[in-house]
2 protein chains.
Amino acid sequence: MAPRTTAASVEKRRAILDAAVRVFAERGFNHCRVSDIADEAGVAYGLVYHYFKSKDGILDEVFLERWNLMLEVIEEAAGDEALSARDRLAKVATFIVESYGRHPDVMQVVIVEVTRQANTFGRKHWATIQDAHTGLARIVERAQGTGELRGDIPPAFAAIVFYGGIEQILTSWIFGTSPSEPADRREAVVQLVETICGGLDPR
Amino acid sequence: MAPRTTAASVEKRRAILDAAVRVFAERGFNHCRVSDIADEAGVAYGLVYHYFKSKDGILDEVFLERWNLMLEVIEEAAGDEALSARDRLAKVATFIVESYGRHPDVMQVVIVEVTRQANTFGRKHWATIQDAHTGLARIVERAQGTGELRGDIPPAFAAIVFYGGIEQILTSWIFGTSPSEPADRREAVVQLVETICGGLDPR
DNA sequence: CGCCCGACTGACTGGTCAGTCAACGGATCG
DNA sequence: CGATCCGTTGACTGACCAGTCAGTCGGGCG
């Protein structure tokens, strides 16, 4: 859809996208109007359709933009030979948690409006969502190969539990209260990795 | 709303509720019509409103009915002195996983349509959802007191990761393919408890 | 200067759908 | 047998809203 390439028009488009994120986060995708987005962006209703194909298309773009960044980080973490398995997992968790720290609205929209909508957006983007699981599973699988992690838990299973843990932590922040300090977020990453790798059993 | 107490009217009400679950699961709450529910139940449109206050009210009831069962199981597991911490967690996980095995539609609706809808139903039922986290946290906390689990992971945090793990497993079943055999579900519970308690580190 | 083109506007349309309501019928009771 | 009650019906209404479109505005270019 992106028509022009003028600096100004790129900015306008961005402004609409950012406004959409705020509106989706506050009212939810299904309970907001396209006119809300236009108002929030300080732009005429019709302009939204100048830059985007549809309301759905805006959400798709918000999701993909963020998710692709995450997939890159997973890829990078998986390929970095210098890192231990724990550090790789921590790197991924840190990216997600810091994404929330910097752009809580974006992460709320990604998780709440896309990731869990089994019948609409979730189904549509399921393959992309799975890419993240696959990447995490590869990290686990390799570490099992070197004996760095135990071999009797299926990597795909471990990946799902790990990702589920992060997502639930973010969900509790979204629904309840977010950690105000960056240190609290870092602490969450450490505890998550420690829980998943070290386990809850006494040391 | 439940008006009558005739056996027949109780059954009718139940039929509508069951039909709603099927329709919500197939089309999603936001993309189905009340007339779909009526059709699925083989009942006139208006009758739905004889038994229920609103479309939202139907979803509320589907959620609460199931969630309250789960809260009872958590309560029961937490109070059962004969059980180890691992067995308590396994008991809760088994209930959830078996709920999915027996009523996949209900669980899909509960998780996808309620639990993650931060702006609508999720927000409304947040306190009830948290009750589950609190119950799980109490199981962990007690076990930490007896030295059965390590004391340096906050119980509330462990509870969220544990629940998140289960939810993500169910989500992958909902979006992808469900385990066809009961044995596969039992296996998932064992692996989940083993991952969370034992950890991924080599034994 | 005058033309063109793309950014921008917002009233309007077409369709959808939750919830209402007036009326029906059959069971039960006095 | 008539009265009453209530489960049942489905056409209808009012509101809402995504997406369209005819047209304005302004800047750059020939």
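Every chain is numbered from 1, with letters handed out A, B, ... down the list of sequences. Remember, predicted model here, so these are calculated numbers, not experimental data.
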Phosphate-side-chain proximity, A/Lys12 and C/dC8, N/O vs OP1/OP2 below 4.0 Å: yes

Length of the line joining A/Lys53:NZ and D/dA18:P, which is rounded to integer Å: 15 Å

A/Lys55 side chain, from C-beta outward: closest of D/dG10, D/dA18, C/dG10: D/dA18

Contact under 4.0 Å: B/Tyr51 side-chain N or O vs D/dT8 OP1/OP2: yes

B/Lys12 to B/Tyr51, cation-pi by 6.0 Å centre distance and 45° axis angle: no

A/Arg150 side chain reached by B/Glu194 side chain, heavy atoms, under 4.5 Å: yes

Euclidean distance, atom CZ of residue B/Arg13 to atom P of D/dT8 [Å, nearest integer]: 13 Å

Whether A/Trp126 and A/His133 hold their rings parallel, tilted or perpendicular, with breakpoints at 30° and 60°: perpendicular

Mutual orientation of the aromatic rings belonging to A/Phe63 and A/His125 [parallel < 30°, tilted 30-60°, perpendicular > 60°]: tilted

A/Arg27 CZ - D/dA18 P separation (whole Å): 12 Å

Rounded distance in Å - CG (B/Leu47) to P (C/dG19): 16 Å

Distance in angstrom units between B/His50 NE2 and D/dT9 C1', rounded: 12 Å

A/Phe52 CZ to D/dT20 P, straight-line distance once rounded to whole Å: 15 Å

Side chain of A/Tyr45 (C-beta onward), nearest among C/dC17, C/dT20, D/dA18: D/dA18

Sugar-phosphate, base or nothing in reach of A/Val43, heavy atoms under 4.0 Å: sugar-phosphate

Contact under 4.0 Å: B/Tyr49 side-chain N or O vs C/dG19 OP1/OP2: yes

Atom pair distance, as rounded to whole Å: CD1 in B/Ile37 and C1' in D/dG10: 16 Å

Nearest-Å distance for atom pair CZ/P, residues B/Arg33 and D/dG10: 17 Å

Plane angle bin for A/Tyr163 and A/Trp67 - parallel if under 30°, tilted between 30 and 60°, otherwise perpendicular: perpendicular

